[in-house]
2 protein chains.
Amino acid sequence: MAATLVEIARLARVSVATVSRALNGQPGVGPKMRKRIQALAAQVDYTPHANARALVTGRIPFLGLVVPDITNPFFPSLARGAEEEAFARGYSLLLLNTNWSPTRLRQAFDLLTSRRVAGLMMSVSLEGLGDDHRDWSDLARTVVMAGVPAPVGSGIGAVDVDDLEGGRLVGRHLLERGWRRIGFVAGSAADRSARDRLAGLQEALAEAGRPGALGATSAGEWSEASGYDQARRLLARRSRPDAIFAANDLLALGVARAAAEAGMALGTDLGLVGYDDIDSVRWTAVPITSVSQPEFDVGREAARRLVALAEGAVAEPDARLEPCLVVRASSGANPHARPATADGALAFQTSTETVR
Amino acid sequence: MAATLVEIARLARVSVATVSRALNGQPGVGPKMRKRIQALAAQVDYTPHANARALVTGRIPFLGLVVPDITNPFFPSLARGAEEEAFARGYSLLLLNTNWSPTRLRQAFDLLTSRRVAGLMMSVSLEGLGDDHRDWSDLARTVVMAGVPAPVGSGIGAVDVDDLEGGRLVGRHLLERGWRRIGFVAGSAADRSARDRLAGLQEALAEAGRPGALGATSAGEWSEASGYDQARRLLARRSRPDAIFAANDLLALGVARAAAEAGMALGTDLGLVGYDDIDSVRWTAVPITSVSQPEFDVGREAARRLVALAEGAVAEPDARLEPCLVVRASSGANPHARPATADGALAFQTSTETVR
DNA sequence: TCGCGCACCGCAAACGTTTGCGTTACGCAA
DNA sequence: TTGCGTAACGCAAACGTTTGCGGTGCGCGA
């Protein structure tokens, strides 16, 4: 069923070398013979044996993509961006879930190297691998981090999103809308992205000469339930924040639920902005302002760099993509704020809008 | 860097055959020698060359997964189920997006066959391939449909979800809650899943002796905007439905928006149930009842069948997995319905609950 | 007409495995 | 001690390509 070069060669009464050259568009074969061979190949439904080719060329056109959990809304579009770019360059994508398990991460790693993939994109922190692992340096040529930072000093390239800038966008926006006391809720406080987002917020407040506008900060897990709990505690304080920055949208959904329970209207009684711009935040009773990350572009760019690396190009400096703010009603405007304009009108648009 | 069997053989002063047998746990090599070779292999960090192995054994442990768009919330968990099962059985997953394009579908198909994958799972209808394609019959051994039906008469196995039953669940539930006139909105009316869900609804109504409870049916696209438009038209009719069954959750979200605009409260003024149980329907102002599909299990089961097929097992009859209903507030209860119980109490629970 | 050069094509090695078969050597019974 | 059976190991072919190198034929200029 599966025709090989040998059969075609036999049919055409030429050598396999000639058939190979003819079908791969390489020089050294006459036009009429090439035509004949191509016709023959089409006739017997020849499909090249990628593995055999890979064996002699040493490189197989596969790219590995390791994600913690494809179910997490962040990763599918990253995967799609990567797949699109890879496909366009003749590579295929090998998908591996680690389910956040270091063991699975290690297994995925070994699997991919045993498959001799051309390169692999890691969307999960490499810290879990431990230092006893083989030297990073020989990986640097064929690995690029996608959406997460590389281990320090590893020399591995990375393309991720600027969490600092995301925090800044939120800070500026909330101040602009007249909020005065901004609370911050996060998942794990140890998480680098959480720290960066908070740092960005602080920077923006400092820039505006309002460092004191940062209210209480809180941490828990990256879940809706945790957001609910944290918000309840924050809102029960004597000096409650009038706005909350949730470090991801699941948390923001929890905050929204807590606010609703407390009888507070989002956008007027409480300002709220989340992070990630997942689909759900568009459909809440009052839609939630959120920071949107270019995951698709992260995947695309990571794949581009990876094939470049695999094909011998020199490593490029890390890419840091910019997030953007999607403004919705939840960040509304503080009714108690002093009018920002001379005539006292607060002309804030409430429809969905993208800043930057 | 990458050690081969040859090097180990040279180091151990034995033949490659012995090394191969020792490392693969095959008989024909003494225990002491085996130990020695294993130690040596570990020492030089040997990783088997999967491609070379695949070349001689003829089978490469890859499974292809073709989806229309991994960004669509339905597919990531299907992919995860498939990946989990495949991984457990020593196979890796090759991910391909077709972006709903028949051209890309064809390309994906050719790509996978050229890679000589052990088998492939199709989550996209094969109709787009056209009949001029190579015979289905030789594919039947290495292809299984996942979440979509197989072409009729193709002999290709399938594992999908019972849309008829889903429709029935919805019909019974809505009647139970006292709704009397049930409208139906869908995406493409030509879509088999849409037809089956409607048919199931009709069956349930007929079973209950209330075939007349089916109100207007409508079709458009599988989008929120379309749901909004369709709902507006339905609700503007003189004989407006008092409940709506949306054939997917995006449509349901649109219906919810239209209802809110019309000043109708979900669960009391209008019953609503969607399909797919995407995350967003949990966070709307009034959470939406929806039919949940076991996508994860579909992927898992499809992968299981595929490796069984690839390893020579006989084809099993098609599997049809059962959906279940996740009850939320939007299906509430019709306040104008005659009490169903003797004492006039309508003891419906309004919290999230799963039927079946 | 002769000779040179180049386009065209074939030969064969190589990539890293697996595996059937042949050979060696060892242990044990006679 | 001799014979035989079997466990242990080596040889070499094979999988389907690619590719450097060598060989043949042709066309062209002199």
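Below, read A as the first sequence line, B as the second, and so on, with proteins coming before strands; counting in each chain starts at 1.
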What N/O pairs connect the protein and nucleotides 10-15 of chain C at under 3.5 Å? Give each pair on its own line.
unit_1	atom_1	unit_2	atom_2	d
dG10(C)	OP1	S15(A)	N	3.4
dG10(C)	OP2	S15(A)	N	2.9
dG10(C)	OP2	S15(A)	OG	3.0
dG10(C)	OP2	T18(A)	OG1	2.3
dG10(C)	N7	R21(A)	NH2	3.3
dG10(C)	O6	R21(A)	NH2	2.6
dC15(C)	O2	V56(A)	N	3.3

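Between S20(A) and dT17(D), a side-chain N or O to OP1/OP2 separation shorter than 4.0 Å is absent. Residue Q26(B) places at least one side-chain N or O closer than 4.0 Å to OP1 or OP2 of dT19(C).
The CZ atom of R53(B) sits 20 Å away from the C1' atom of dT17(D) (whole-angstrom rounding). In this structure, L5(B) atom CG and dG10(D) atom P are separated by 13 Å, rounded to whole Å. Computed from coordinates, the K32(B) NZ to dA7(D) P distance equals 14 Å when rounded to whole Å. Atom NZ of K35(A) and atom P of dC8(C) are 15 Å apart (whole Å). Between the CG atom of N51(A) and the P atom of dT17(C) there is a distance of 14 Å, rounded to whole Å. Note: CG (L23(A)) to P (dT18(D)) measures 9 Å, nearest angstrom. Distance, R10(B) CZ to dG16(C) P: 12 Å, rounded to whole Å.
Under the side-chain hydrogen bond (donor to acceptor under 3.5 Å, both in side chains) criterion, E311(A) pairs with Y91(A), sequence neighbours left out.
Under the 3.5 Å distance criterion, with hydrogens and angles disregarded, no donor-acceptor pair is assigned to the side chains of S101(A) and N99(A).
For the atom pair L65(B) CG and L78(B) CG, the distance stands at 6.5 Å (nearest 0.5 Å). With values rounded to the nearest 0.5 angstrom, R80(B) atom CZ is found 5.0 Å from T71(A) atom OG1. Going from atom CZ of R300(B) over to atom CZ of R305(B) covers 14.5 Å, rounded to the nearest 0.5 Å.
Side chain of D162(B) to backbone of E322(B): no donor-acceptor contact under 3.5 angstrom is found.
In this structure, N24(A) reaches the sugar-phosphate backbone alone: every heavy-atom distance under 4.0 Å involves primed, P, OP1 or OP2 atoms, never a base.
Nearest-nucleotide assignment on DNA chain D puts the 5′-proximal partner with G30(B), out of G30(B) and R116(B).
Minimum interatomic distance between A3(A) and R116(B) (heavy atoms only, all atoms of both residues): O-NH2, 4.4 Å.
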